[in-house]
Amino acid sequence: GAVVSQHPSRVICKSGTSVKIECRSLDFQATTMFWYRQFPKQSLMLMATSNEGSKATYEQGVEKDKFLINHASLTLSTLTVTSAHPEDSSFYICSAPNPTDTQYFGPGTRLTVL
Amino acid sequence: DAKTTQPPSMDCAEGRAANLPCNHSTISGNEYVYWYRQIHSQGPQYIIHGLKNNETNEMASLIITEDRKSSTLILPHATLRDTAVYYCIVRVAGGNQGGKLIFGQGTELSVKP
């Protein structure tokens, strides 16, 4: 069964609104989680590292004020896309590391901004 | 982390072995080779990883050359459900990055009946 869940699986919103995506680790704790974005026909692009109890670390070129990350507990990280625009439409995926130094990935959230 | 090079696409007949190559000529001594795959519209899935010895698990085998500059992922009996994009990633195990992965373009494997 899935060990990392995401909610919602897909969301459609109007331009200018904010959207929150949840990433949960099931049956294990994750002090670190990762957020990726994937545009059609492209590879995954790492956006940021979510750190439990501290600020997220953003990759170069990712706007931290637009993509708000909160890692409030050892099993939950949230990504909020603020003032979403059509160009933010994408597939957002989170992951969490496991003790064998590999990653469990969530099923992804497809965001469509109208 | 070292860069990897993979062919953009490959075809394989159902039931036959799929051999996916990956070049990583700048790999460092402490970097592992990881393979993940992504079935369309799903999150990636871990397949296998290794340092220098060949590895095998229930999903696949990983063959790493002696000089570690390249590797091959082998799916021994490909099925239609193995159709996916396969990513080869090299990185230091553990480290201070907490396990983040930098994805290249991968190989799109199409398994045909």
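Letters A, B, ... mirror the listed sequences (proteins, then strands); counts begin at 1.
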A.B. asks: Would a hydrophobic clustering, with Ile, Leu, Val, Met, Phe, Trp and Tyr connected at side-chain separations under 4.5 Å, put B/I74 with B/V85?
C.D. replies: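 Unlinked, B/I74 and B/V85 end up in two clusters.
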A.B. asks: Who wins among B/Q42, B/H40, B/Q45 for the most heavy-atom pairs under 4.5 Å with chain A?
C.D. replies: B/Q42
A.B. asks: Answer yes if A/F91 and A/M47 sit in the same cluster of Ile, Leu, Val, Met, Phe, Trp and Tyr residues linked by side chain heavy atoms under 4.5 Å apart, and no otherwise.
C.D. replies: no
A.B. asks: Test of understanding: clusters of I, L, V, M, F, W, Y form through side-chain heavy atoms closer than 4.5 Å, transitively. Do A/V3 and A/L76 belong to the same one?
C.D. replies: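 A/V3 and A/L76: separate clusters.
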A.B. asks: Between the main-chain N or O of B/L101 and the side-chain N or O of A/Y36, is there a donor-acceptor pair closer than 3.5 Å?
C.D. replies: yes
A.B. asks: Is it true that atom CD of B/E108 has more than 12 heavy atoms of other residues, nucleotides or ligands lying nearer than 6.0 Å?
C.D. replies: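 Counting neighbours around CD of B/E108, 12 or fewer heavy atoms of other residues, nucleotides or ligands fall under 6.0 Å, so no.
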A.B. asks: Please give me the minimum heavy-atom distance between B/I102 and A/L46, naming the atom from each residue.
C.D. replies: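 Answer, listing the atom of B/I102 first, then A/L46: CD1-CD2, 4.1 Å.
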A.B. asks: Is B/Y36 reaching over with its side chain to a backbone N or O of A/T102, donor-acceptor style, under 3.5 angstrom?
C.D. replies: no
A.B. asks: Is it possible for you to say whether B/Y34 and B/L51 belong to one hydrophobic cluster, with membership spreading through side-chain heavy-atom contacts below 4.5 Å?
C.D. replies: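 Yes, one cluster joins them.
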A.B. asks: I'd like to know if A/W35 and A/V11 are part of one continuous hydrophobic network [Ile/Leu/Val/Met/Phe/Trp/Tyr, side-chain heavy atoms within less than 4.5 Å].
C.D. replies: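 Per the 4.5 Å side-chain linkage, A/V11 and A/W35 are co-clustered.
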A.B. asks: For residues B/F103 and A/L44, report the shortest heavy-atom separation together with the two atoms involved.
C.D. replies: CB-O, 3.7 Å
A.B. asks: I'd like to know if the side chain of B/Q38 pairs up with that of A/Q38 as donor and acceptor (distance under 3.5 Å, no hydrogens or angles considered).
C.D. replies: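 Yes - a donor-acceptor pair under 3.5 Å links their side chains.
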A.B. asks: Do you know the tightest heavy-atom contact between A/S43 and B/Y87?
C.D. replies: OG-CE2, 3.3 Å
A.B. asks: How far apart are the closest heavy atoms of A/F34 and B/K100, and which atoms are they?
C.D. replies: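 Minimum heavy-atom separation between A/F34 and B/K100: CE2-CB, 3.1 Å.
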A.B. asks: Step through the shown structure and confirm whether more than 12 heavy atoms of other residues, nucleotides or ligands are within 6.0 Å of NZ on A/K66.
C.D. replies: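 Yes.
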A.B. asks: Aromatic ring centroids of B/Y46 and A/F105 under 6.0 Å?
C.D. replies: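 Between A/F105 and B/Y46, which both carry aromatic rings, the centre distance is not below 6.0 Å.
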A.B. asks: Write down the atom of A/I93, the atom of B/G43, and the distance for their closest heavy-atom approach.
C.D. replies: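 Result for this residue pair: CG2-CA, 4.4 Å.
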